[in-house]
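These numbers come from a predicted model, not from an experiment. Numbers for residues simply follow the sequence, beginning at 1.
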Amino acid sequence: METTRDTGWNRVAPGAGYAAAAWAVTFALVHLYWLADGRLGLPDGRSVWSSTPLLVIDVIAVPLCAVAAGVALAPVRRWGARVPARLLGFALWGTTALLVLHAAPSVPDWIALAVGSRSSDELDSMARFATFGYEPFFLAGGLLFAATSLGRRAQSRRAGGGHRAGRPAPLDVPGQDVARPVLRQSGRSAHRPRLRHS
């Protein structure tokens with residue numbers, strides 16, 4: 001029997017999934033811009049082509065961002081139901097952990113700057129770039145993927161026994177019609193022909 005209990009995550013998660021996908025696409029475009037020798041957003045106006053480690057990271061980041069966008073969309077699109085539930089859950093939470101852990105080292109700096117025990121003048125260009133640009137962007141992505149993961153979980157519980165065990169239903173997306181199976185019957189009439197008595 002399908003339950004109808006709604007939660008805040010059920011309402012937030014579809015938007016979070018699309019926002020997480022947009023985050024990943026934006027990050028992929030940023031990396032492509034840097035690969036095209038763009039220098040905006042890089043410390044000291046340097047180019048990724050002047051640093052082999054930065055270049056390798058940039059090349060790897062583009063396909064990873066594309067995969068992350070697909071992972072974010074899977075819970076909110078119908079085709080995501082074909083992705084194994086455990087694999088999708090692992091990908092969502094794994095992406096969340098990777099992004100949050102990446103930003104975690106900057107948390108003490110944010111706290112110190114917020115309480116005034118440290119000044120931004122003490123940060124060099126690279127630290128300033130990471131503290132105010134790069135790491136907050138990573139943290140925002142982690143929070144969006146976390147919201148998508150929690151929403152997927154809430155939607156699975158809401159569906160209850162209406163779906164196969166181990167395969168959560170795609171999240172309800174406003175304006176997206178859910179395909180329902182239609183029973184088609186052959187013949188001119190769906191009713192059995194009446195027997196004529198002589």
Student: Is it possible for you to say whether Trp79 and Leu87 belong to one hydrophobic cluster, with membership spreading through side-chain heavy-atom contacts below 4.5 Å?
Tutor: no

Student: Would a hydrophobic clustering, with Ile, Leu, Val, Met, Phe, Trp and Tyr connected at side-chain separations under 4.5 Å, put Leu29 with Leu55?
Tutor: yes

Student: Which heavy atom of Leu99 sits nearest a heavy atom of Gly141, and at what distance?
Tutor: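 Closest pair (atom of Leu99, atom of Gly141, distance): CD1-C, 3.5 Å.
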
Student: If you define the side chain from C-beta out and look only at heavy atoms, does anything of His102 sit under 4.5 Å from Phe137?
Tutor: no

Student: Do Val76 and Leu73 make a side-chain contact, defined as non-hydrogen atoms from C-beta onward lying under 4.5 Å apart?
Tutor: yes

Student: Is there a donor-acceptor pair closer than 3.5 Å between any side-chain N or O of Trp110 and the backbone N or O of Thr131?
Tutor: yes

Student: Which atoms form the tightest heavy-atom contact between Pro75 and Val71, and what is the distance?
Tutor: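 Taking every non-hydrogen atom into account, CD-O, 3.2 Å.
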
Student: Strictly distance-based, threshold 3.5 Å: is any side-chain N or O of Trp49 a donor or acceptor partner for the main-chain N or O of Leu35?
Tutor: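 Yes: the side chain of Trp49 pairs with the backbone of Leu35.
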
Student: To check you understand the geometry: which heavy-atom pair defines the closest contact between Gly142 and Val100, and what is its length?
Tutor: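 Minimum heavy-atom contact is CA-CG2, 4.0 Å.
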
Student: Locate the shortest heavy-atom distance separating Tyr33 from Arg39; write the atom from each residue and the value.
Tutor: OH-N, 3.4 Å

Student: How would you list all residue pairs meeting salt bridge (charged side-chain N to carboxylate O under 4.0 Å, His left out) that involve residues 96-107, not counting sequence neighbours?
Tutor: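 Every candidate salt bridge (charged side-chain N to carboxylate O under 4.0 Å, His left out) pair involving residues 96-107 fails, so no pair, neighbours aside, qualifies.
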
Student: Below 30° counts as parallel, above 60° as perpendicular, anything between as tilted: where do the rings of Trp23 and Phe145 land?
Tutor: perpendicular

Student: Taking the inter-plane angle between the rings of Trp34 and His31 on a 0 to 90° scale, is it parallel (under 30°), tilted (30 to 60°) or perpendicular (over 60°)?
Tutor: perpendicular

Student: Consider side-chain contact (heavy atoms from CB on, under 4.5 Å). Of Asp58, Asp37, Val56, which one does Val48 pass it with?
Tutor: Asp58

Student: With side chain to side chain contact (heavy atoms under 4.5 Å, CB included) as the test, would you mind laying out the steps for Glu135 and Asp109 before giving the verdict?
Tutor: CA-CA 11 Å; Glu135 300 303 352; Asp109 291 330; over 6 Å; no

Student: Let me check something: do Ile57 and Leu98 share a hydrophobic cluster, defined by ILVMFWY side-chain heavy atoms less than 4.5 Å apart, either directly or through other members?
Tutor: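 Unlinked, Ile57 and Leu98 end up in two clusters.
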
Student: Any chance you could measure Trp93, atom CH2, to Arg153, atom CZ, to the nearest 0.5 Å?
Tutor: 7.0 Å

Student: Answer yes if Val67 and Phe27 sit in the same cluster of Ile, Leu, Val, Met, Phe, Trp and Tyr residues linked by side chain heavy atoms under 4.5 Å apart, and no otherwise.
Tutor: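 Yes; tracing contacts between hydrophobic side chains, which count when under 4.5 Å, links both residues.
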
Student: If every non-hydrogen atom of Leu113 is compared with every non-hydrogen atom of Arg118, which pair is closest and at what distance?
Tutor: CD2-O, 3.3 Å

Student: Nearest 0.5 Å, please: how far is CG in Leu144 from OG1 in Thr95?
Tutor: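 Answer for the OG1-CG pair, Thr95 versus Leu144, is 12.0 Å.
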
Student: For Ala72 versus Thr148, what's the shortest heavy-atom pair and its separation?
Tutor: O-CG2, 4.0 Å

Student: Do Val30 and Val25 land in one hydrophobic cluster if side-chain heavy atoms of ILVMFWY residues count as linked below 4.5 Å?
Tutor: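 Cluster IDs for Val30 and Val25 match.
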
